[in-house]
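To start, the structure under review is shown below, and the notes come after it.
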Amino acid sequence: MSKFTVLNHPLIQHKLTIIRNKHTGTKVFREVANEIGELMVYEITRDLPLKDVEVETPMGKSTQKVLAGKKLAVIPILRAGLGMVDGVLELIPAAKVGHIGMYRDEKTLKPHEYFVKLPNDIDQRELFIVDPMLATGGSANMAIEALKKRGAKHMRLVVLVAAPEGVKAVQDAHPDVDIYAASLDERITDSGYIFPGLGDAGDRLFGTK
Ligand code: PRP
Ligand code: URA
């Protein structure tokens, strides 16, 4: 069974409340969603491996640390996942970015894939799949399958708000993919939205409806 971790740092909780508020407009929603993405990735990357290197400072030679291990890539699930990418790239500016386009049918809640464009060395990278919402888990599961089909081996799912149903669906289907959320919310409503959630993340990010 994969790990499910709620990253409840006070700054993350505070910022999440800002974007939950229905009176928060597009500009602030965008800024704060990216800030939460950045804070989450800061927490998640605590376990990245390091190696020793020799560095010559103005004072002389010494042994210091740099990142070792796999290169990273960020994979937003379109559209709403785009709202977390800039925040992640603030911390990991050299990461490659792959895109997976997915939308949920409003009636059936089933996901439909419409676009996949990935770095060609995806099999050698550690992937951070980002999407603000994990509701039924259908979109995340389809995105993970699309990545695995193309050779991806190491990935983590990073969401702002998760519903218990979505966490279980991903853990059941992909026990190798750890999940990180800023909040585990109560449930999914009859219309398929997370409660209390934050509404339709894509519409709030892009000002559509
Ligand atoms: C939202 C969200 C997730 C999905 C979650 O996307 O960004 O991708 O719903 O729901 P699920 O867990 O039940 O699959 P949406 O389909 O609204 O598309 P958008 O990002 O283009 O708005
Ligand atoms: N997608 C959203 O954008 N919001 C939800 O609450 C559920 C799925």
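Both counts, for ligands and for their atoms, begin at 1 and track the order of listing. The figures that follow rest on heavy atoms only: side chains count, while hydrogens, waters and symmetry mates do not. Residue numbers run from 1 in the order of the sequence given. Computed from a prediction, not measured in an experiment: that's the story for all the values here.
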Min N/O separation [X] to ligand 1 under 3.5 Å:
X      : answer
Asp203 : no
Ala140 : no
Ala135 : yes
Tyr103 : no

Tell me which part of [X] gets within contact of ligand 1: side chain, backbone, both or neither, using heavy atoms under 4.0 Å.
X      : answer
Asp131 : side chain
Ala80  : both
Leu78  : backbone

Below 4.0 Å from ligand 2: does a non-hydrogen atom of [X] turn up there or not?
X      : value
Arg104 : yes
Ala163 : no
Pro132 : no

TODO: Counting heavy atoms only, name the option from Met102, Met133, Glu165 that's nearest to atom 18 (O) of ligand 1.
DONE: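 When every heavy atom of Met102, Met133, Glu165 is considered, Met102 comes closest to atom 18 (O) of ligand 1.
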
Task: Selected option - heavy-atom contact closest to atom 14 (O) of ligand 1, from Ala163, Ala143, Ala169, Ser139 - done: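 The nearest heavy atom belongs to Ser139.
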
- [ ] Would you sort out whether Ser183 and Arg20 count as a side chain to side chain donor-acceptor pair (under 3.5 Å), showing the intermediate values?
- [x] CA-CA 11 Å; Ser183 171; Arg20 284 188 192 278; 3.0 Å; yes

Using a strict 4.0 Å cut-off to heavy atoms of [X], name the atoms of ligand 2 that fall inside it.
X      : result
Gly199 : 2 (C), 3 (O), 4 (N), 5 (C), 6 (O)
Ala135 : 7 (C), 8 (C)
Ala201 : 2 (C), 3 (O)
Gly192 : 7 (C)

Task: Heavy-atom nearest neighbour in the protein, as seen from atom 22 (O) of ligand 1, with distance rounded to 0.1 Å - done: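 Going atom by atom, the protein heavy atom closest to atom 22 (O) of ligand 1 ends up being Arg79 NH2, 3.0 Å.
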
- [ ] Just need the protein heavy atom nearest to atom 5 (C) of ligand 2, so name the residue and atom and give the distance.
- [x]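 Answer, as residue, atom name and distance: Tyr193 CD2, 3.4 Å.
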
- [ ] Report yes or no: does Pro111 have a heavy atom closer than 4.0 Å to ligand 1?
- [x]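 Contact check Pro111 vs ligand 1: negative.
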
Open item on the list: Closer than 4.0 angstrom, basic N to acidic O: yes or no for Lys149 and Glu145?
Closed with: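 Judged by the 4.0 Å cut-off on N to carboxylate O distance, Lys149 and Glu145 do not form a salt bridge.
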
Task: NZ/NE/NH1/NH2 to OD/OE distance under 4.0 Å, Arg46 and Glu43 - done: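 Between Glu43 and Arg46 there is a salt bridge, with a charged N closer than 4.0 Å to a carboxylate O.
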
Task: Test item: side-chain donor near acceptor, Arg79 and Thr208, under 3.5 Å - done: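 Distance-only check passes for Arg79 and Thr208.
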
- [ ] Would you kindly say whether Thr63 and Glu54 are connected by a side-chain donor-acceptor distance under 3.5 Å?
- [x]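 There is such a pair between these side chains.
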
Heavy-atom side-chain contact between [X] and [Y] under 4.5 Å:
X      : Y      : result
His174 : Lys148 : yes
Met133 : Leu198 : yes
Leu78  : Leu82  : yes

Open item on the list: Protein non-hydrogen atoms only, distance under 4.0 Å: does atom 1 (C) of ligand 1 have such a neighbour?
Closed with: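 There is no protein heavy atom less than 4.0 Å from atom 1 (C) of ligand 1.
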
Task: Any N or O of Met133 closer than 3.5 Å to N or O of ligand 2 - done: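 No - when backbone and side-chain N and O of Met133 are compared with those of ligand 2, no distance drops under 3.5 Å.
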
Open item on the list: Under a 3.5 Å distance rule, please check whether Gln13 uses its side chain to pair with a backbone N or O of Asn8 as donor and acceptor.
Closed with: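 Here the side-chain-to-backbone pair exists.
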
